[in-house]
Number of protein chains: 2
Amino acid sequence: MMLPDTFRALADPTRRAVFERLAASEMSVSQLTARFEVSQPAISQHLATLKAAGLVTERREGRFAYYRAAPEGLAPLVDWIDRYRSFWPERIDRLKDILKGLDDD
Amino acid sequence: MMLPDTFRALADPTRRAVFERLAASEMSVSQLTARFEVSQPAISQHLATLKAAGLVTERREGRFAYYRAAPEGLAPLVDWIDRYRSFWPERIDRLKDILKGLDDD
DNA sequence: GAATCGCATAAGTATCGGCTTATGTATTGC
DNA sequence: GCAATACATAAGCCGATACTTATGCGATTC
């Protein structure tokens with residue numbers, strides 16, 4: 001199965017943290033940089049990787065670049081997990097909790 | 001959040017394929033090696049990584065070591081995805097399909 | 001229009017990670 | 001007990017990658 005690098009993109013802790021931050025709210029690169037302890041180029045590079053994986057989207061506004069998490073990018077992960085559903089013991093009912101939550105929404 | 005290296009363990013395509021194979025059925029290291037194009041040590045190393053991440057379990061029998069996928073090891077992934085549930089657009093109803101499947105079982 | 005700002009890209013470096021071959025350690029078979 | 005088998009570990013190699021500083025480039029500001 002060809003996952004579009006979703007796992008690899010999220011494997012790096014810093015990059016995952018960037019995604020998590022962008023899931024909370026849209027932010028510009030400089031705002032994002034201020035929240036991490038790596039340089040601005042490092043952040044830009046992580047964003048490029050996340051964007052290539054479909055995990056974030058970019059919105060240009062003048063000289064600013066606003067990024068936000070693209071939840072659809074997580075779909076390959078859900079798909080992948082889905083493939084092993086039938087092998088899962090009922091013990092893993094956390095997935096059911098997730099569904100319950102969705103139903104309640 | 002401190003994921004127990006689940007993402008990193010599944011980021012490598014070969015290692016992910018090993019996990020997928022072990023999800024289908026328990027196998028010994030040599031049986032597993034026969035199915036891949038990397039050496040036996042490489043397989044052993046992948047298995048060690050997967051085991052450290054809680055994604056496989058080992059069963060010793062004489063000089064054989066049988067491995068099988070540990071679906072519980074995927075729980076951290078589900079947990080992590082769950083954290084962003086509220087940000088997801090309804091468009092991602094695939095997760096609902098998963099839950100439906102579980103309910104039907 | 002010159003300086004500044006926001007960001008991306010280039011280039012270099014050092015570490016990590018997956019692979020190999022070589023070797024070690026039990027276990028089994030003769 | 002000796003050879004062979006099953007697997008793990010050691011050691012080394014090399015490409016990938018996460019970071020840095022330096023630079024480029026468009027947009028804003030004065």
Side-chain angles (χ1 to χ4, degrees), chain A residues 1-22 25-70 73, chain B residues 1-22 25-70 73 76-77:
Chain A
M1 184 191 206
M2 187 49 196
L3 290 174
D5 272 347
T6 313
F7 275 113
R8 204 191 57 76
L10 293 173
D12 179 68
T14 300
R15 195 158 47 228
R16 194 164 59 237
V18 167
F19 174 83
E20 296 181 17
R21 191 61 196 75
L22 291 176
S25 68
E26 184 183 72
M27 287 182 75
S28 71
V29 176
S30 50
Q31 287 174 321
L32 210 43
T33 299
R35 303 217 174 218
F36 290 89
E37 302 210 333
V38 294
S39 65
Q40 171 265 313
I43 295 293
S44 283
Q45 290 161 15
H46 283 311
L47 289 171
T49 300
L50 289 170
K51 188 179 175 186
L55 286 165
V56 302
T57 57
E58 184 191 4
R59 180 174 68 85
R60 285 275 172 185
E61 189 167 331
R63 55 182 166 179
F64 295 88
Y66 294 101
Y67 285 86
R68 68 170 61 210
Chain B
M1 186 191 205
M2 188 49 197
L3 291 173
D5 271 348
T6 313
F7 276 112
R8 204 192 58 77
L10 294 173
D12 179 68
T14 301
R15 196 158 47 228
R16 196 165 55 239
V18 167
F19 173 83
E20 295 180 17
R21 191 61 196 76
L22 291 176
S25 68
E26 183 183 72
M27 287 182 74
S28 71
V29 176
S30 51
Q31 287 174 322
L32 211 43
T33 298
R35 302 216 175 219
F36 290 89
E37 301 211 333
V38 294
S39 65
Q40 172 266 314
I43 295 293
S44 283
Q45 290 161 15
H46 283 312
L47 289 170
T49 299
L50 290 169
K51 188 179 175 185
L55 286 164
V56 302
T57 58
E58 184 191 4
R59 181 175 66 85
R60 285 275 172 185
E61 190 167 329
R63 55 182 165 177
F64 296 88
Y66 294 100
Y67 285 85
R68 67 170 61 210
L77 271 191

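Side-chain atoms are counted along with the backbone in the values below, which use heavy atoms only and exclude waters and symmetry mates. As the structure is a computational prediction, the values presented were derived from the model and not from experiment. In what follows, every chain begins at residue 1, and chains take the letters A, B, ... in the order their sequences are listed.
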Which nucleotide in dA8(C), dC7(D), dG18(C) has an atom nearest any side-chain atom of R15(B): dG18(C)
Integer-rounded Å distance: dA27(D) C1' and Y66(A) OH: 13 Å
Side-chain donor/acceptor contact of Q40(A) with base of dT21(D) under 3.5 Å: no
Straight-line distance of Y67(A) OH to R60(A) CZ, nearest 0.5 Å: 6.0 Å
Whole-Å distance separating the NE2 atom of H46(A) from the C1' atom of dC7(C): 16 Å
N or O in side chain of S39(A) less than 4.0 angstrom from dT21(D) OP1/OP2: no
Nucleotide dA16(D), atom P - distance to CG of D5(A) in whole Å: 13 Å
Exceeds 12 heavy-atom contacts within 6.0 angstrom, atom CZ of R21(A): yes
Proximity to the side chain of D12(A) - top-ranked nucleotide from dT21(D), dT20(C), dC19(D): dC19(D)
Distance below 4.0 Å between S30(B) side-chain N/O and dT5(D) OP1 or OP2: no
dC19(C) OP1/OP2 closer than 4.0 Å to side-chain N/O of T14(B): yes
Chi angles and distances behind the side chain to side chain contact (heavy atoms under 4.5 Å, CB included) call for L47(A), L32(A): CA-CA 10 Å; L47(A) 289 171; L32(A) 210 43; 3.9 Å; yes
R16(B) side chain vs L10(B) backbone, donor-acceptor pair below 3.5 Å: yes
Whole angstrom value for the distance that separates P of dC16(C) from CZ of R8(A): 17 Å
Nucleotide nearest Q45(B) when distance is taken to its side chain, options dA11(D), dC7(D), dT20(D): dA11(D)
Gap between atoms CD1 and P, on I43(B) and dC7(D) respectively (whole Å): 11 Å
Rounded interatomic separation in angstrom, taking CZ from R59(B) and P from dT27(C): 16 Å
Separation of atom CZ in F64(A) from atom P in dT28(D), rounded to whole Å: 9 Å
Nucleotide nearest A42(B) when distance is taken to its side chain, options dT21(D), dG26(D), dT20(C): dT20(C)
Among dC7(D), dT20(C), dT29(D), the nucleotide that comes nearest once only the side chain of V38(B) is considered: dT20(C)
Sugar-phosphate only, base, or nothing, as touched by Y67(A) at under 4.0 Å among non-hydrogen atoms: sugar-phosphate
Side-chain donor/acceptor contact of R63(A) with base of dC5(C) under 3.5 Å: yes
A9(A) backbone acceptor or donor facing R15(A) side chain under 3.5 Å: yes
Nearest-Å distance for atom pair CG/C1', residues L50(A) and dA18(D): 13 Å
